[in-house]
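What follows is a short report on a single structure.
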Amino acid sequence: QLQLAESGGGSVLPGGSLRLSCAASGSTLNWYATGWFRQAPGKEREHVASVDDPDKGPVYADSVKGRFTISRDNAKNTVYLQMDNLTPEDTGVYYCTADRTFPSLVRGTGDYWGQGTKVTVDS
């Protein structure tokens, strides 16, 4: 069974950057669509970024376009989320997810999830 583990969260100032990592084990991510969701206090979980076929490019939420970049290192079986120019609205717990069905992944109903890593953006 595929297992996912996020890391890289922390507290940063507005305008700062973080890179989140999602290390996969138990299976190769080559067989899965992968992505990131986040959940702020009192709000529902929302899609941040995802990728199915790397040749077609990733899909981003409008709120993070131009600031966040999702990527994958196949040799390390790891997915990354580079977050630049962070704002307080980016605060939340970030979750890595994977699914063999891309529409399910984007809807937030992926089969596999990590435990989350917390990101706080505040002065």
Residue pair R38 / D90, side-chain heavy-atom distance below 4.5 Å: yes
What pair of heavy atoms forms the shortest contact from V12 to L86, and how long is it? CG2-CD1, 3.6 Å
Find the distance between CZ (F68) and CG (L20) and round it off to the nearest 0.5 Å. 8.0 Å
Taking all non-hydrogen atoms of both residues, which atom of R45 and which atom of G108 are closest, and how far apart? NH2-O, 2.7 Å
Check step by step if side-chain contact (heavy atoms from CB on, under 4.5 Å) holds for W36 and E6. CA-CA 10 Å; W36 292 88; E6 303 96 336; 3.8 Å; yes
Using the rule that two of Ile, Leu, Val, Met, Phe, Trp, Tyr join whenever any of their side-chain heavy atoms come within less than 4.5 Å, decide whether L13 and L18 are in one cluster. no
Hey, what do you get for CE (M83) to CZ (R19), rounding to the nearest 0.5 Å? 11.5 Å
V51 side chain reached by F102 side chain, heavy atoms, under 4.5 Å: no
Rounded distance (nearest 0.5 Å) linking atom OG1 of T87 with atom CG of D122: 11.0 Å
For the student: nearest non-hydrogen atoms of D84 and S17, plus distance: OD1-OG, 2.8 Å
Nearest heavy atoms of A24 and L29, plus distance in Å: CB-CG, 3.6 Å
Please examine the side chains of L4 and Y95, heavy atoms only from C-beta on, and report whether any two atoms are closer than 4.5 Å. no
Side-chain contact test, heavy atoms from C-beta onward, threshold under 4.5 Å: evaluate it for Y80 versus C22 and give yes or no. no
Minimum heavy-atom distance D52-A33, with the two atoms named: OD1-CB, 3.9 Å
What's the spacing between S50 OG and D99 CG if we round to 0.5 Å? 11.0 Å
Between the side chain of W113 and the main-chain N/O of G110, is any donor-acceptor distance below 3.5 Å? yes
Do T91 side-chain atoms and V121 backbone N/O form a donor-acceptor pair below 3.5 Å? yes
Applying salt bridge (Lys or Arg N to Asp or Glu O under 4.0 Å) to K43 and not counting sequence neighbours gives none
Please report the C-alpha distance between V59 and H47 in whole Å, then the side-chain angles of each, then the deciding distance to 0.1 Å, and finally whether the side-chain contact (heavy atoms from CB on, under 4.5 Å) criterion is met. CA-CA 9 Å; V59 175; H47 175 261; 4.2 Å; yes
Least distance between heavy atoms, P14 atom then S123 atom: CD-N, 3.8 Å
side-chain contact (heavy atoms from CB on, under 4.5 Å) between N30 and R72, intermediate numbers included: CA-CA 10 Å; N30 292 342; R72 187 172 75 191; 3.6 Å; yes
Any side-chain heavy atom of Y32 within less than 4.5 Å of one from L105? no
Check the pair T117, S7 against side-chain contact (heavy atoms from CB on, under 4.5 Å), reporting the backbone distance first and the verdict last. CA-CA 6 Å; T117 184; S7 63; 5.6 Å; no
Would you check if the side chain of T78 reaches a backbone N or O of K76 as a donor-acceptor pair within less than 3.5 Å? yes
Could you give the distance from CZ (F37) to CG (L81), rounded to the nearest 0.5 Å? 12.5 Å
